[in-house]
Amino acid sequence: MNKKNDIVSQLQTPKSDTEIRQVWRHLRCNRMAMIGLAILTLFISCAIFAPLLTPYDPTKIELANAMQNPSAENLLGTDWQGRDVFTRILHGGRISLAIGFISVSIGLVVGVPVGSLSGYFGGKFDLFIQRLIDIMIAFPGILLAIVVVTVLGVGVERVMIAVGIASIPIYTRLVRGSVLSVKEEGFVAAAKSLGIKDSRIIVRHILPNCLGPIIVQSTFQVATAILWAAGLGFLGLGAQPPDPEWGLMLSRGREYMRAAHYLTTYPGLAILLMVLGFNLLGDGLRDALDPRSRKYR
Amino acid sequence: MYGYIIRRLLLAVPVLIGVSILVFAIIRFIPGDPARAIAGVHASESYIEQVRSELLLDEPLHVQYFVYAANLLQGDMGRSTFTRRPVTVELYERFPNTLLLTVTAMGIATVIGMSAGIVSATKRYSLFDNFSMLAALVGVAAPVFWLGLMFQLLFAVNLGWLPSGGMGTWQHLVLPALTLGLATTALIARITRSSMLDVLRQDYITTARSKGLVERVVTYKHALKNALIPVITVMGMQFGILLGGAVLTETVFSWPGVGRLMVDSILARDYPVVQGAVLVLAVFFVTINLVVDIIYAFLDPRITYGTQEVK
């Protein structure tokens, strides 16, 4: 069996670490992508080391210290319960990143297998899955996540599930499309004629060739998930107090907008920057992974 | 052409049925007694029993669904547990407001986005191009509800130029529509630019130029028409994103639309209204997609050769 796989592998476009290096070389030359990567590195390190970076507790109420303007002690001021806004934003990054990555994983875990089976085998199963996806995408954008939250209830974990479910149709469509085009390549026919099992063909030979679009979409999807989760938090359908979630902070800070605009300005800027980081990196990855689009830059 | 349109219309039927099943399922999936969920938290036992018998909740699920679907087809979506008014009436009052908001936002996005995209493509790498593409990047990344709050802070609270919320005069529409339309403006600008650049490199454009046509004619008469096709596809998809964004924008600006009604109803556990609002938004989106696909078929003659796929 291994020999057969080797023969087929030779027929495929080489996907070794040299290609990863090539992609990295293109990415490194792309200034915008590097800015995106820098933003994300900053946010991820802040999220990891949040407890070490500030001496404050993100949820501890200290009314004596409420509504302080930004100062050397409280970089971005304090809120109506005396909590340090900067600390809450750092800890909020943990929640947003966790929601982003976990919900995308849910989308991948369901969407990739379903999409590849649907694309590879076609037929009635494919038709059925396609109609199902059509129904799911009839609830546009955040609406599907809202529908799921209505059923599941509120809270960070449920938001992860809701946003994850809402991203399943996106992956299913993407993977199905990629599999459909890769399926027609010569090496798949070669693998089939050698009698390699369908499951092995999909996992070993087709999916590795669909990785590019999946990686690019996932980068954008993390950004979308963060936006949706913040939106749910803002509507009161996501994270609940006292979680330092950015969307929730914004909706609460709204009541004090006239007196303390920083309560709404900075959490919003944090969302914007993080989403921008993922989008810039996604744009860069798309260009680096797709040779045809390289010339547009 | 007409075959394609009929096929496309028929394809929408199973989607609409599926949407109604999903909306029907919302209440059945909620843990606990659906009759209690539909009747409301403060309903009396006798009213709960009345709801249970009206909706045949003791019958098998498929019977319940057929009752639901039959009522739906007659325009009956039940009553709000909060106001006790028919859901259809609530939606009928709110839907035009959502329509006004989203269509205005789309209008703003189309005009500004396409103009910026065309200028960016024809004056590539100019100051305008760099600036508008940077603005587009930020516009896509900014959360719509935050943008709304910032606009409120700047134009309503600090400058006092426009009202900060509510509905009434055209001034009330400006901030919500701008807020909702900004991300779409950014996206349309980016797509128009890349699509124009794509078309401008093609041979027939070189031919048009070598015939001695003025650049303006080449750009607007020859290039733009073909560059528009991907823009229209994106606009169709964006309508969905706009509808999702409308839920947030309406909440920020106290705009009395279906989105805000939906959020208020979820928070108040007014499930019949939630179901109605979700259904209306989804059906609206399916209709928009249908219209976009048909426009697309008129624009791109390749689609009409019997099959659905672009050859």
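Note that the structure is predicted; figures quoted are calculated from it, not measured. All heavy atoms count here, side chains included; hydrogens, waters and symmetry mates do not. Letters go in sequence order (proteins before strands), and every chain restarts at 1.
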Given the rule in the side chain to side chain contact (heavy atoms under 4.5 Å, CB included) test, do B:Met237 and B:Val234 qualify, once you have shown the distances and angles that lead to the verdict?
CA-CA 5 Å; B:Met237 291 189 288; B:Val234 168; 4.3 Å; yes
Is B:Leu149 close to chain A through its backbone or its side chain, or both, or neither, when contacts mean heavy atoms under 4.5 Å?
both
Could you tell me whether a side-chain N or O of A:Trp228 sits under 3.5 Å from a main-chain N or O of A:Ala145, the two making a donor and an acceptor?
no
Result of checking A:Ile170, A:Val222, A:Leu285 against A:Gln217 for side-chain contact (heavy atoms from CB on, under 4.5 Å):
A:Ile170
Residue part contacting chain A, namely of B:Val263, when any heavy atom lies under 4.5 Å
side chain
Relative to chain A, which segment of B:Val140 carries a heavy atom at a distance below 4.5 Å: side chain, backbone, both, or neither?
both
Is it true that a side-chain atom of A:Ser103 and a backbone atom of A:Met160 form a donor plus acceptor pair closer than 3.5 Å?
no
Using only atom types and a distance under 3.5 Å, with no angle test, would you say the side chain of A:Asn30 pairs donor to acceptor with the backbone of A:Met32?
yes
Flag, side chain of B:Thr179 to backbone of B:Leu147, donor-acceptor distance under 3.5 Å:
no
Under 4.5 Å from any heavy atom of chain B - which part of A:Val147:
side chain
With respect to chain A, which residue among B:Leu242, B:Val247, B:Ile21, B:Val252 yields the maximal number of heavy-atom pairs within a distance under 4.5 Å?
B:Val252
Return the option, out of A:Leu132, A:Ile142, A:Leu227, with the maximum number of heavy-atom pairs under 4.5 Å with chain B.
A:Leu227
Quick check on the interface: out of B:Gly245, B:Pro143, B:Pro14, B:Ala12, who has the most heavy-atom pairs with chain A under 4.5 Å?
B:Pro143
Where the side chain of A:Gln240 meets the backbone of A:Gly238, is there a donor-acceptor pair that is under 3.5 Å apart?
yes
Leading residue by heavy atom contact count with chain A [cutoff under 4.5 Å; candidates B:Val278, B:Val157, B:Ile30, B:Leu153]
B:Leu153
Please state whether the side chain, the backbone, both or neither of B:Leu22 comes within less than 4.5 Å of a heavy atom of chain A.
side chain
Most contact-rich option vs chain A, by heavy-atom pairs under 4.5 angstrom, among B:Leu248, B:Val144, B:Val274, B:Val283, is B:Leu248
Please look at A:Asn279 and chain B and tell me whether the side chain, the backbone, both or neither of the residue comes under 4.5 angstrom of a heavy atom of that chain.
side chain
Tell me which of these, A:Arg254, A:Met274, A:Arg131, A:Met136, has more heavy-atom pairs under 4.5 Å with chain B than the rest.
A:Arg254
What part of A:Thr224 is in contact with chain B, defined as an atom under 4.5 angstrom from a non-hydrogen atom: side chain, backbone, both or neither?
neither
Could you check if a side-chain atom of A:Leu232 sits within less than 4.5 angstrom of a side-chain atom of A:Val163, using non-hydrogen atoms only?
yes
Tell me, side chain or backbone of A:Leu280 under 4.5 Å from chain B's heavy atoms, or both, or neither?
side chain
Do B:Ser265 and B:Asp270 get their side chains close enough for a donor-acceptor pair, meaning under 3.5 Å?
no
Please determine, among A:Leu143, A:Ile271, A:Leu235, the option with the most heavy-atom pairs under 4.5 Å with chain B.
A:Leu235
Using non-hydrogen atoms and a 4.5 Å limit, figure out which bit of B:Ile288 sits close to chain A: side chain, backbone, both or neither.
neither
So what's closer than 4.5 Å to chain A heavy atoms on B:Val286: side chain, backbone, both or neither?
side chain
Below 4.0 angstrom, N of the basic side chain to O of the carboxylate: do A:Arg173 and A:Asp134 qualify?
yes
Look only at the side chain of B:Glu250 and the backbone of B:Gly259, and say whether a donor-acceptor pair between them is shorter than 3.5 Å.
yes
Is A:Ala223 close to chain B through its backbone or its side chain, or both, or neither, when contacts mean heavy atoms under 4.5 Å?
neither
Salt bridge between B:Arg8 and B:Asp293, side-chain N to carboxylate O under 4.0 Å?
yes
Interatomic spacing from OG in A:Ser218 to CZ in A:Phe101 - rounded to 0.5 Å:
10.0 Å
Winner by heavy-atom pair count (cut-off under 4.5 Å) against chain A, out of B:Ile241, B:Leu137, B:Leu243
B:Leu137
One option among A:Ala230, A:Gly247, A:Gly153, A:Gly277 has the most heavy-atom pairs under 4.5 Å with chain B, and it is A:Ala230
Proximity breakdown for B:Phe284 and chain A, heavy-atom pairs closer than 4.5 Å:
neither
Please classify the contact between B:Ile266 and chain A as side chain, backbone, both or neither, with a heavy-atom cut-off of under 4.5 Å.
side chain
Spell out, as yes or no, whether a donor-acceptor pair under 3.5 Å connects the side chain of B:Arg193 to the backbone of B:Ala121.
no
Check each atom of B:Met262 against the heavy atoms of chain A and say whether the ones under 4.5 Å are side chain, backbone, both or neither.
side chain
Under 4.5 Å from any heavy atom of chain A, what part of B:Phe29 do you find: side chain, backbone, both or neither?
both
